[in-house]
Structure formats: C-alpha cells, structure tokens
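Down below is the structure, laid out as structure tokens.
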Protein chains: 2
Amino acid sequence: MVSKPDKPAPIGEDVSLARAAASKTQTRIQREKTEAILTAALDVFSTYGFRGSTIDQIAKQAGLSKPNLLYYFDSKEAIHSLLLERLLETWLEPLKKLDPAADDPVAEIIAYVHRKLEMACDYPRESRLFANEILQGAPRIMDQITGPLKDLVDEKAAVIEGWAEQGKIAPVHPYHLIFSIWATTQHYADFDTQVSAILGERSETCFEDACDHLTTMFTKLLRP
Amino acid sequence: MVSKPDKPAPIGEDVSLARAAASKTQTRIQREKTEAILTAALDVFSTYGFRGSTIDQIAKQAGLSKPNLLYYFDSKEAIHSLLLERLLETWLEPLKKLDPAADDPVAEIIAYVHRKLEMACDYPRESRLFANEILQGAPRIMDQITGPLKDLVDEKAAVIEGWAEQGKIAPVHPYHLIFSIWATTQHYADFDTQVSAILGERSETCFEDACDHLTTMFTKLLRP
DNA sequence: CGGCTTGCTGACCATTTGGTAAATATCAGA
DNA sequence: TCTGATATTTACCAAATGGTCAGCAAGCCG
C-alpha cells in the first residue's frame with residue numbers, strides 16, 4: 001500500500017525499490033526475502049538479460065509468488081537497477097586497489113590480474129550480468145560507465161603510462177592493456193559454457209592453468 | 001499455407017525455415033526478403049538475445065508486417081537457428097586457416113590474431129550474437145560447440161603444442177592461448193559500448209592501437 | 001488477549017507476444 | 001491478357017507478461 005502514496009514527486013529518477021530501502025528499519029523477513037529475490041534475480045538476469053527475463057521466473061526461483069515479489073520491489077526494473085548498482089561497487093574495487101606507489105609495478109599489475117581472475121571465477125553471475133548489460137548497449141548503466149568507471153580507468157591508465165615512461169614497465173598502450181586484462185579474465189566467467197565444453201576433462205585445472213597462462217602473458221608483456 | 005502440411009513427420013529436429021530453403025528455386029522476392037529479415041534479425045538478436053527479441057521488432061526493422069515475415073520463416077526460432085548456422089561457418093574459418101606447416105609459427109599465430117580482430121571489427125553483430133548465445137548457456141548450439149568447434153580447437157591446440165615442443169614458439173598452454181586470442185579480439189566487438197565510452201575521442205585510432213597492442217602482446221608471449 | 005502493522009494470496013487486468021487463417025493483391029510466364 | 005503461383009494484409013487467437021487490488025493471514029508488542 002505504500003507504493004503509490006510514497007511517490008508524490010515522481011520526477012522519474014527514483015525508480016528504485018519499494019519497501020526494501022524505503023524504511024531504514026528493515027524487519028527480519030524483509031531482509032531475508034529481498035536477499036532471496038536479489039539472488040534469484042541475479043541468476044535469471046545474468047543468464048537471459050533484462051528483456052529476456054520474467055518476473056515469474058525470478059519469483060519462482062526465489063520461492064515466492066509474483067505478487068509477493070512485487071510487494072518487495074516496485075517493478076522488474078527496480079530489481080535490475082539495484083543489482084547493477086551493487087555490482088558496480090565491487091566491480092571497480094580490484095582496479096581501485098592498483099597502487100600508484102607500488103615498488104614493483106609489474107607485480108602490481110599482475111596482482112590486479114589475479115584479483116580480476118579470482119572475481120570472475122568466484123562471481124561469474126555478476127560478470128555475466130554486466131556482460132549482458134553492455135551487450136545490450138548499456139542502456140541502464142551508461143552514465144556509470146562514462147562517469148565513475150571512465151574516471152577510474154583514466155586515472156589508472158595515467159599511472160600505468162607513468163610507469164612506462166619511467167621505464168619501470170615496458171611501453172604499453174595503457175587502455176588496451178586494461179581491456180586485455182578485462183577481456184581475458186572475464187572470458188572465463190562469461191564464456192564458461194564454451195570453455196568447459198572445449199576443455200572437457202581438462203576443466204578441472206582450468207583456474208590454475210588460466211592463472212599461470214595469464215601471469216606468464218602479462219609478465220612477458222610488461223617486463224621492461 | 002505450406003507451414004503445417006510441410007511437416008508430416010515432426011520428429012522435432014528440422015525446425016528450420018519455411019519457404020526460404022524449402023524449394024531450390026527461390027524467386028527474386030524470396031531472396032530479397034529473406035535476406036532483409038536475416039539482416040534485421042541479426043541486428044535484434046545480437047542486441048537482445050533470443051528471448052529478449054520479438055518478431056514484431058524484427059519485422060518492423062525489416063520493413064515487413066509480422067504475418068508477412070512469418071510467411072518466410074516458420075518461427076522466431078527458425079530465423080535464429082539459420083543465423084547461428086551461417087555464423088558458425090565463418091566463425092571457424094580464421095582458425096581453420098592456421099597452417100600447421102607454416103615456416104614461422106609465431107607469425108602464423110599473429111596472423112590468426114589479426115584475422116580474428118578484423119572479423120570482430122567488421123562483423124560485430126555476429127560476434128555479439130555468438131556471445132549472447134554462449135552467455136545463455138548455448139542452448140541452441142551446444143552440439144556445434146562440443147562437435148565441430150571442439151574438434152577444430154583440439155586439432156589446432158595439438159599443432160601449437162607441437163610447435164612449442166619443437167622450440168619454435170615459447171611453451172604455452174595451447175587452449176588458454178586460444179581463449180586469450182578469442183577474448184581479446186572479440187572484446188572489441190562485444191564490449192564496444194564500453195570501449196568507446198572509455199576511450200572517448202581516442203576511439204578513432206582504436207583498431208590500429210588494438211592491433212599494435214595485441215601484436216606486441218602475443219609476439220612477446222610466443223617468441224621462444 | 002487485542003489490535004495494528006506487516007506479509008501474502010487469488011483473482012483480475014491491460015498489453016504484448018508468437019503464431020494462424022482467410023481473403024486479397026501482385027507478379028511472372030504462357 | 002489471362003491464369004496460377006506467389007506475396008501481403010486484415011483480423012484474429014491463446015498464452016505469457018508486467019502489474020494491481022481487495023482481502024485474508026501472521027507477527028509482534030503492549
């Protein structure tokens with residue numbers, strides 16, 4: 001019943017959750033259910049994308065009825081938005097940790113690669129959710145891309161360029177280095193289906209092999 | 001009117017096109033329209049994935065009415081299937097060309113990288129169509145993955161391993177090398193939205209820069 | 001216990017979606 | 001120009017989908 005009365009000034013921007021964050025004091029049930037919904041939604045959205053996913057699907061997976069789910073979130077889009085919002089925080093973290101003052105820049109970048117690969121393998125659904133959104137032209141997070149993400153990349157690219165100029169790492173195109181790191185690591189999450197199918201039994205050592213391979217590759221690329 | 005009478009033995013496998021390839025002799029209009037539909041469908045499917053795309057959307061983009069579109073194809077799935085079928089042929093070609101008898105294996109692999117990158121940049125929609133399908137768990141092309149694709153990769157991985165053993169290239173994990181090549185090249189098609197947003201004006205030299213970067217990276221990785 | 005808030009359900013609704021049928025328009029060749 | 005095949009449209013349908021609403025059930029707290 002709070003849905004409509006709660007939006008007296010629908011300027012259009014605040015299309016977020018209903019009860020979930022509306023009140024500061026969440027009940028136990030609210031916490032449990034919203035979390036269950038978000039988990040289920042992550043599963044579904046990351047597989048089928050926004051348009052290909054249905055509320056029924058999410059509700060079913062969360063063990064709720066559709067109206068019950070819509071009691072916690074105002075709309076399908078609200079769930080998706082919250083998911084993306086949360087995602088971007090954790091998404092930027094590995095790159096944020098890249099220390100401009102590191103003693104050994106090569107090791108520092110390799111450490112970043114490892115963080116990224118670990119994230120891709122530990123949170124493949126998050127990676128796929130992001131991939132799906134970008135594939136569709138990033139309609140719902142374009143401002144996050146051109147804003148915080150771009151700023152962070154610009155900053156770190158400058159750091160990398162600085163290292164290259166000082167001769168601490170081999171000369172590289174910093175942006176394309178970052179793209180290569182993203183591409184190679186996220187590949188193991190986004191294209192897991194393909195990777196597993198091709199590796200067959202070799203899949204068991206996939207993570208270790210990938211880690212070795214990427215370490216070698218980027219070390220050779222960056223060593224001055 | 002050929003839709004139902006044409007399927008007296010619906011064993012379930014031959015869910016393909018209606019008129020398009022039913023008769024060997026296609027009329028001019030059939031050729032034009034089916035092509036228009038496939039082009040439109042590629043646009044739509046590559047952006048929204050199978051489930052997120054609608055027939056109306058495709059029909060509209062192709063400049064046809066929905067029933068008219070369904071006169072040429074039996075179903076949404078038929079269009080998608082045909083697109084994937086066509087895709088896989090061209091998709092495997094660059095790797096097929098990798099010559100086991102090449103004089104300079106490093107140059108041969110770099111040439112493969114170039115072919116792949118060029119394909120990603122020339123046919124981004126095809127790359128995204130494929131990405132979407134894999135993201136969704138490859139429900140419609142799993143047998144193509146575990147069949148022809150895996151076979152080809154196995155074959156070429158053996159070639160690469162042979163080169164490594166002969167000391168013609170540095171020791172690498174052949175499968176992960178291939179994954180890295182796929183990931184880095186296709187990234188420019190699949191994540192174009194992100195790449196463009198981050199590069200900003202630098203996007204103009206993106207292809208050349210990417211080409212340089214990947215050439216350097218894989219050369220350093222592979223040189224014995 | 002009693003009452004108020006919170007949580008949940010079944011029935012419902014408008015729109016969209018994949019697909020069909022019959023009637024009509026267009027075309028290409030004799 | 002006539003005719004049969006090809007092409008296209010209008011009208012339709014059943015199912016799915018996003019979302020609402022009134023009312024009922026639980027939880028909680030004095």
Side-chain angles (χ1 to χ4, degrees), chain A residues 1-7 10 15-37 40-41 44-45 48-81 140, chain B residues 1-7 10 15-37 40-41 44-45 48-81 140:
Chain A
M1 296 98 176
V2 205
S3 34
K4 276 285 146 61
D6 258 357
K7 295 188 249 168
V15 198
S16 52
L17 43 169
R19 260 135 299 267
S23 56
K24 289 286 172 185
T25 53
Q26 273 185 284
T27 71
R28 169 187 56 90
I29 293 180
Q30 275 170 1
R31 244 174 293 124
E32 285 173 8
K33 294 294 166 73
T34 50
E35 217 45 52
I37 292 170
V44 176
F45 281 139
Y48 299 106
F50 181 74
R51 293 197 32 177
S53 304
T54 69
I55 297 188
D56 297 78
Q57 228 179 327
I58 298 170
K60 196 174 176 183
Q61 181 136 356
L64 282 86
S65 67
K66 182 169 60 165
N68 195 11
L69 181 150
L70 286 164
Y71 170 73
Y72 292 101
F73 288 89
D74 273 348
S75 66
K76 181 178 162 184
E77 191 150 1
I79 309 176
H80 195 253
S81 294
R140 275 166 279 274
Chain B
M1 295 98 178
V2 205
S3 33
K4 274 287 147 59
D6 257 357
K7 294 189 252 170
V15 196
S16 52
L17 43 168
R19 263 132 299 267
S23 56
K24 289 286 173 186
T25 53
Q26 273 185 282
T27 72
R28 169 187 55 91
I29 294 179
Q30 274 169 1
R31 246 172 292 124
E32 287 172 6
K33 293 293 165 76
T34 49
E35 218 44 53
I37 292 169
V44 177
F45 281 138
Y48 299 106
F50 181 73
R51 293 196 33 175
S53 305
T54 70
I55 297 187
D56 298 79
Q57 228 179 329
I58 298 170
K60 196 173 177 184
Q61 182 137 353
L64 282 86
S65 67
K66 181 171 59 167
N68 195 11
L69 180 149
L70 286 164
Y71 170 73
Y72 291 100
F73 288 89
D74 274 348
S75 66
K76 181 179 162 184
E77 191 150 1
I79 309 175
H80 195 252
S81 294
R140 276 166 279 273

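In what follows, every chain begins at residue 1, and chains take the letters A, B, ... in the order their sequences are listed. Here the structure is a predicted model, which means the values were calculated and not measured.
Among residues two or more places apart in sequence or in another chain, the salt bridge (Lys or Arg N to Asp or Glu O under 4.0 Å) test is passed with Lys76(A) by none. With sequence neighbours left out, the side chain to side chain contact (heavy atoms under 4.5 Å, CB included) criterion links Glu35(B) to Leu38(B), Arg86(B). The salt bridge (Lys or Arg N to Asp or Glu O under 4.0 Å) search around Arg31(B) returns none, not counting sequence neighbours.
For Gln30(A), no side-chain nitrogen or oxygen approaches OP1 or OP2 of dT6(C) to under 4.0 Å. Of the side-chain N and O atoms in Lys33(B), none sit less than 4.0 angstrom from OP1 or OP2 of dT6(D). Taking only side-chain nitrogens and oxygens, Tyr72(A) comes nearer than 4.0 Å to OP1 or OP2 of dC8(C).
Between the C1' atom of dT17(C) and the CD1 atom of Ile58(B) lies a distance of 12 Å, rounded to the nearest Å. Remark: P of dA16(D) and NZ of Lys76(B) are 14 Å apart, rounded to the nearest angstrom. Rounded to an integer number of Å, the gap from Glu32(B) CD to dT6(D) P is 16 Å. Rounded to whole Å, atom C1' of dG19(C) lies 11 Å from atom CG of Asp56(B). Following rounding to the nearest Å, Ile37(B) (CD1) and dG19(C) (P) show an atom-to-atom distance of 14 Å. If you measure from atom CZ of Arg51(B) to atom C1' of dA16(D), you get 11 Å, rounded to the nearest angstrom.
Taking every side-chain heavy atom of Leu70(A) into account, dT20(D) is the closest of dG19(C), dT20(D), dT17(C).
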Any protein N or O atoms within reach of nucleotides 9-12 of chain D? Criterion: under 3.5 Å, listing atom names and distances.
from   : atom 1 : to       : atom 2 : distance (Å)
dT9(D) : OP2    : Ser65(B) : OG     : 3.1

Protein-nucleic acid N or O pairs under 3.5 Å, nucleotides 25-28 of chain C:
from    : atom 1 : to       : atom 2 : distance (Å)
dA28(C) : OP1    : Arg28(B) : NH2    : 3.0

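Across Ile37(A) and Ala62(A), no two heavy atoms sit closer than the pair CA-CB, 4.1 Å.
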Which atom pairs, one a donor and one an acceptor, fall under 3.5 Å between side chains of residues 53-60 of chain A and the rest of the protein, sequence neighbours left out?
from     : atom 1 : to       : atom 2 : distance (Å)
Ser53(A) : OG     : Val44(A) : O      : 3.4
Ser53(A) : OG     : Gly49(A) : O      : 2.6
Thr54(A) : OG1    : Gln57(A) : N      : 3.1
Thr54(A) : OG1    : Gln57(A) : OE1    : 3.4
Gln57(A) : OE1    : Thr54(A) : N      : 3.2
Gln57(A) : OE1    : Arg51(B) : NH2    : 3.1

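In this structure the side chain of Tyr72(A) reaches within 4.5 angstrom of the side chain of Leu64(A), judged on heavy atoms.
The aromatic rings of Phe45(A) and Phe50(A) sit parallel to each other, their planes meeting at less than 30°, with 60° as the upper class boundary.
Residue Ile79(A) holds its CD1 atom at 10.5 Å from OG1 of Thr34(A), rounded to the nearest 0.5 Å.
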